[in-house]
Amino acid sequence: PMTKDFDEKQEFLGKEDSEKLTQIAKSKALDKLWNKWYRRSLVYKDDYEESQKLIENRQVIQKSKSKPASSRGSEAPKKSNKKSPEKHKFSKRYKELRKTGLDPKEAMTTARRE
């Protein structure tokens, strides 16, 4: 059944192109090449999945190690997340400008200038 379709499609090609297609179909070179790269992709997929599992396991181990350290008390001083006064003024001015209806780009440049 498939060769019939193949033969019908070859009618629209030139004689030279038709011969090339027939030669390629008989040689199975394309199938061999495809199978080669398909096997390589399967190996790559397996390696990738394995590496992702290892990365995930390492992250779980690091999280489990870091949790008991934080529950022991305040051994290390905590960093403050407070903004500097300049940044606070800038963000406050930006928000005010945005509330007035100014588009974000103009509000940002105006707040930076002030």
Side-chain angles (χ1 to χ4, degrees):
M2 189 164 187
T3 57
K4 182 182 176 187
D5 291 338
F6 185 71
D7 292 336
E8 288 175 3
K9 289 178 183 174
Q10 284 185 344
E11 291 175 5
F12 297 105
L13 299 173
K15 186 176 182 179
E16 187 178 316
D17 292 334
S18 177
E19 288 173 3
K20 284 182 183 179
L21 283 176
T22 305
Q23 186 180 11
I24 290 171
K26 287 180 182 177
S27 71
K28 304 287 183 191
L30 189 59
D31 287 336
K32 287 179 184 178
L33 186 62
W34 187 87
N35 285 329
K36 174 186 171 185
W37 286 102
Y38 179 72
R39 285 191 302 272
R40 283 189 181 186
S41 71
L42 290 177
V43 169
Y44 177 80
K45 178 184 160 256
D46 293 340
D47 290 345
Y48 179 77
E49 288 175 348
E50 186 177 324
S51 67
Q52 291 300 322
K53 286 179 185 178
L54 288 172
I55 291 170
E56 189 176 308
N57 288 341
R58 286 180 189 158
Q59 290 174 347
V60 168
I61 290 170
Q62 286 177 350
K63 285 181 182 178
S64 66
K65 285 182 180 179
S66 66
K67 285 182 182 178
S70 63
S71 64
R72 282 188 243 155
S74 59
E75 293 176 4
K78 294 184 179 181
K79 296 180 181 178
S80 67
N81 290 334
K82 293 183 179 180
K83 296 179 181 178
S84 68
E86 293 173 13
K87 288 183 181 178
H88 181 69
K89 289 178 185 177
F90 167 77
S91 61
K92 187 175 180 180
R93 180 64 181 143
Y94 173 76
K95 288 177 185 177
E96 288 174 0
L97 292 169
R98 285 292 294 140
K99 284 182 183 178
T100 61
L102 214 60
D103 71 300
K105 195 171 187 177
E106 289 181 31
M108 184 69 70
T109 54
T110 305
R112 284 182 182 157
R113 270 189 263 128
E114 295 175 356

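- Of the possible polar contacts, one joining the Ser41 side chain to the Tyr38 backbone as a donor-acceptor pair under 3.5 Å is found.
- Using a 4.5 Å cut-off on side-chain heavy atoms (C-beta onward), Arg113 and Thr110 make contact.
- Contact check for Trp34 versus Lys28: no side-chain heavy atoms found under the 4.5 Å cut-off.
- Applying the 6.0 Å contact sphere to CD of Gln52 captures more than 12 heavy atoms from other residues, nucleotides or ligands.
- Ala111 and Phe90 make their closest contact through CB-CE1, 3.5 Å (heavy atoms, listed as atom of the first residue, atom of the second, distance).
- Taking both residues in full, the closest heavy atoms of Glu106 and Leu102 are given as OE1-CD1, 3.8 Å, listed atom of the first, atom of the second, then distance.
- We find the CE-NZ distance between Met108 and Lys105 to be 11.5 Å, quoted to the nearest 0.5 Å.
- Salt bridge annotation for Lys92-Glu96: absent, with no cationic side-chain nitrogen under 4.0 angstrom from a carboxylate oxygen.
- Note: Leu42 CG to Trp37 CH2 = 13.5 Å, rounded to the nearest 0.5 Å.
- The 12-atom threshold is exceeded at CD of Glu114, counting heavy atoms of other residues, nucleotides or ligands nearer than 6.0 Å.
- Annotation: the span from Lys63 atom NZ to Gln59 atom CD amounts to 6.5 Å, rounded to 0.5 Å.
- Atom NZ in Lys53 sits 8.0 Å away from atom CD in Glu50 (nearest 0.5 Å).
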Audit row: Glu49, Lys45, salt bridge (charged side-chain N to carboxylate O under 4.0 Å, His left out) steps and yes/no: CA-CA 6 Å; Glu49 288 175 348; Lys45 178 184 160 256; 3.7 Å; yes

